[in-house]
Amino acid sequence: MAALTRLLKPQFSSLLTRSLSTYTSAAPEIDSQSSNSTGPPPPITDDPKGSRSFQWVFLGCPGVGKGTYASRLFDLLGVPHIATGDLVREELSSSGPLSPQLEEVVNQGKLVSDEIIFNLLSKRLEAGESRGESGFILDGFPRTIRQAEILDEVTEIDLVVNLKLREDVLIEKCLGRRVCSQCGKGFNVASIDAKAENGLPGMNMPPLLPPPHCASKLVTRADDTEPVVIERLRVYKEKSQPVEGYYRKQGKLLEFDLPGGIPESWPKLLEALNLEDYHHHTNSAAA
Ligand SMILES: Nc1ncnc2c1ncn2[C@@H]1O[C@H](COP(=O)(O)OP(=O)(O)O)[C@@H](O)[C@H]1O
């Protein structure tokens, strides 16, 4: 751990520190009273001048919708959405020297080594920095306590959003996931209608279907088969769930139970993040 930290810190810390910038006008205070969310109001910014961008983490099981909601927040706030799963898939499709090793690990539903993940993440941050990006919404990282500790050593995380859904729905959602091989947009062909049972809430989620120009180009991720999804859920419980407790202890964890599909969940998430007004403001400015 110490060796890895020494190895990664100079690159990471300079990138992350230099990525601080002037975007904060909408820095929300968390409304922990929202019906779907629990957790103390976490500190949003620790910069005395209030002049740095959000540094958020999205946690949650495979298929919960981290990517969907983080990319919507990117559209709303302009804070880059960085998904380590996407970085891994890009590396895989580039057929670089790491590809064969990565393919085996990912297709078995296991975690990629910290060294590889930190390298991919550093490269992504560096590329973003050269484009003038600031702050981040991390999705799929940190996925272990060790990754969370290393991240804490190099930068300050303001808020961690933990998205939650019942497990049978997560599996259905993963199996229904499709990606347009041309534009890269994600869709979901699953039509979910889970009844309330054993204390679990009923859940209705209409499919998220592609527009006609994407419909014939849909592909399924190689790791979205039932046995691999079940293994990824097992790995999540073993390695990633402890990360929730790690951030809870720091008072940074906002728990959010998704009430249904995007139309129902998105406004409630904005409410929980205290970004409702910002959303209205953006919409009326755009009108
Ligand atoms: N932070 C990470 N640490 C280790 N492996 C990772 C990390 N992020 C992504 N991966 C690898 O990439 C795969 C796909 O990640 P992701 O798209 O985030 O999947 P999920 O849908 O399970 O959240 C993971 O199963 C894992 O093999």
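Just so you know, residue 1 is the first one in the sequence shown, and it goes up from there. Ligands are counted one by one from 1 in listed order, and the atoms in each one are counted from 1 as well.
The proximity of V112 to ligand 1, defined as any non-hydrogen pair under 4.0 Å, involves the side chain as well as the backbone. In R177, the part holding a heavy atom less than 4.0 Å from any atom of ligand 1 is the side chain. By the criterion of a heavy-atom distance under 4.0 Å, the side chain of Q147, and not its backbone, is placed next to ligand 1. If you look at R221 next to ligand 1, the close heavy atoms, those under 4.0 Å, all belong to the side chain.
Scanning the protein heavy atoms around atom 2 (C) of ligand 1, the nearest turns out to be R143 CD, 3.5 Å. Ranking protein heavy atoms by distance to atom 8 (N) of ligand 1, first place goes to T84 OG1, 2.8 Å. Here the protein heavy atom with the shortest distance to atom 27 (O) of ligand 1 is K110 O, 2.6 Å. At the top of the distance list for atom 1 (N) of ligand 1, counting protein heavy atoms only, stands G140 O, 2.9 Å. For atom 6 (C) of ligand 1, the closest heavy atom belonging to the protein is I117 CD1, 3.6 Å. Summary of contacts: the protein heavy atom closest to atom 14 (C) of ligand 1 is R89 NH1, 3.6 Å.
Atoms of ligand 1 lying under 4.0 Å from any heavy atom of P62, numbered from 1 in the order shown and given with element: 20 (P), 21 (O), 22 (O), 23 (O). Near K66, meaning under 4.0 Å from any of its heavy atoms, are these atoms of ligand 1: 23 (O).
Under 4.0 Å is where a charged nitrogen must lie from a carboxylate oxygen, and between E133 and R124 at least one such pair does. In summary, E126 and K123 do not engage in a salt bridge, as defined by a charged side-chain N under 4.0 Å from a carboxylate O. Comment: R89 engages D86 in a salt bridge, judged by a side-chain N to carboxylate O separation of less than 4.0 angstrom. Taking 4.0 Å as the cut-off between side-chain N and carboxylate O, D158 and K252 do not count as a salt-bridged pair.
Residue E172 holds its CD atom at 9.5 Å from CE of M205, rounded to the nearest 0.5 Å.
Residue-ligand proximity: V106 is placed with a non-hydrogen atom under 4.0 Å from ligand 1.
Between I116 and Q101, the closest side-chain pair of non-hydrogen atoms falls below 4.5 Å.
When all heavy atoms are compared, the tightest approach of N204 to E264 is O-OE1, 4.0 Å.
Two rings, from F58 and F136, have their centers 6.0 Å or more apart.
Under the salt bridge (Lys or Arg N to Asp or Glu O under 4.0 Å) test applied with E167, the options K237, K173, R232, R234 reduce to a single match, K237.
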